[in-house]
Amino acid sequence: MRAAQSDLDALDAANRRVRESVGAEEAAENDFVFHDLLVQLAGNSVLHASYLSQRNAMLEIMRIGKGNRPIHDATYTAHQEIIDALRARDRLAFSYLLSRHLDFGLRFIEAKDGLSEDAAGAGGVDGGV
């Protein structure tokens with residue numbers, strides 16, 4: 001994955017919009033845009049089309065995780081760590097941080113499906129969805 005300065009600038013701007021969002025709906029929309037930019041960086045049009053086709057389901061999952069401010073703020077921090085790893089061209093850190101971030105988000109999918117009891121108070125290692 002290669003990120004040009006313009007890609008990093010777009011990720012930074014999208015991440016700021018996540019932090020500045022008012023309400024879960026807006027935060028979820030901005031989070032979707034952030035993740036869409038990451039998917040586009042993979043350079044795989046099939047992967048990107050697949051991500052876009054799941055927009056409504058992804059937004060629903062993202063809304064669940066954006067209902068409280070501490071998680072909303074922690075999302076910004078988790079995203080910033082991912083951007084910083086890209087900026088440093090540290091593939092190992094990028095892979096780890098992205099995996100940790102996505103694993104944290106699984107808690108909300110499991111909670112929605114009734115498989116997890118700790119998603120509502122999830123803090124975890126990442127702290128952000």
Side-chain angles (χ1 to χ4, degrees):
M1 180 177 297
R2 298 192 189 274
Q5 186 59 48
S6 59
D7 298 319
L8 297 170
D9 292 345
L11 286 165
D12 280 330
N15 196 32
R16 276 192 305 278
R17 286 191 299 274
V18 169
R19 183 179 56 186
E20 295 165 357
S21 297
V22 178
E25 185 71 31
E26 184 181 354
E29 289 281 345
N30 288 324
D31 195 22
F32 183 87
V33 169
F34 177 85
H35 285 262
D36 182 49
L37 290 168
L38 285 176
V39 170
Q40 288 179 59
L41 280 176
N44 182 322
S45 62
V46 174
L47 177 64
H48 187 235
S50 177
Y51 181 75
L52 292 177
S53 74
Q54 298 174 57
R55 178 177 167 64
N56 291 336
M58 296 296 294
L59 284 171
E60 182 180 343
I61 292 164
M62 290 173 173
R63 276 190 292 273
I64 293 167
K66 302 295 182 279
N68 71 54
R69 191 69 197 185
I71 288 177
H72 181 82
D73 289 339
T75 298
Y76 171 82
T77 301
H79 286 177
Q80 194 59 53
E81 290 173 338
I82 292 165
I83 296 168
D84 291 344
L86 278 171
R87 186 171 278 118
R89 305 218 182 278
D90 186 339
R91 291 178 184 199
L92 185 60
F94 172 78
S95 295
Y96 169 74
L97 292 165
L98 187 60
S99 177
R100 183 179 73 171
H101 181 56
L102 295 175
D103 284 347
F104 183 83
L106 285 175
R107 295 177 181 194
F108 297 96
I109 296 169
E110 292 169 351
K112 180 180 173 295
D113 293 337
L115 301 174
S116 173
E117 296 179 14
D118 68 339
V125 174
D126 184 317
V129 176

H79 vs H101, test: side chain to side chain contact (heavy atoms under 4.5 Å, CB included). Steps then yes/no. CA-CA 8 Å; H79 286 177; H101 181 56; 3.2 Å; yes
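At least one side-chain heavy atom of L41 sits less than 4.5 Å from a side-chain heavy atom of D7. Residues Q5 and L8 are in side-chain contact: their nearest non-hydrogen atoms beyond the backbone lie under 4.5 Å apart.
Rounding to the nearest 0.5 angstrom, the gap separating the CG atom in L98 from the CZ atom in F94 is 4.5 Å. Taken from NE2 in H48 to OG in S53, the straight-line distance is 10.5 Å, to the nearest 0.5 Å. Rounded to the nearest 0.5 Å, atoms CE (M58) and OH (Y51) are 4.5 Å apart. To the nearest 0.5 Å, the span separating CG on N30 from CD on E20 amounts to 9.0 Å. Atoms OG1 and CD1, on T77 and I82 in that order, are 11.0 Å from each other to the nearest 0.5 Å.
A donor-acceptor pair is defined here as one N or O able to donate and one able to accept, closer than 3.5 Å; no such pair exists between the side chain of S99 and the backbone of Y96.
For H35 and D31, the side-chain atoms include at least one donor-acceptor pair closer than 3.5 Å. Between the side chains of N56 and E60, not a single donor N or O lies within less than 3.5 Å of an accepting N or O. Looking only at atom types and distance, the side chain of Q54 has a donor-acceptor partner in the side chain of S50 under 3.5 Å away.
Smallest separation of non-hydrogen atoms from A14 and V33: CB-CG1, 4.3 Å. The shortest heavy-atom contact between N15 and T75 is OD1-O, 4.3 Å. For L97 against A85, the heavy-atom pair with the smallest separation is CD1-CB, 4.1 Å. Residues L86 and L38 come closest through the heavy atom pair CD1-CD2, 3.9 Å.
Taking the salt bridge (charged side-chain N to carboxylate O under 4.0 Å, His left out) definition, one finds that R87 meets it with D12, D84, sequence neighbours left out. The side-chain hydrogen bond (donor to acceptor under 3.5 Å, both in side chains) check on R55 picks up E29, with sequence neighbours excluded.
Ring pair F34/Y76: centre-to-centre distance not below 6.0 Å.
A salt bridge is absent between E26 and R17: the closest approach of a Lys/Arg side-chain nitrogen to an acidic carboxylate oxygen does not fall below 4.0 angstrom.
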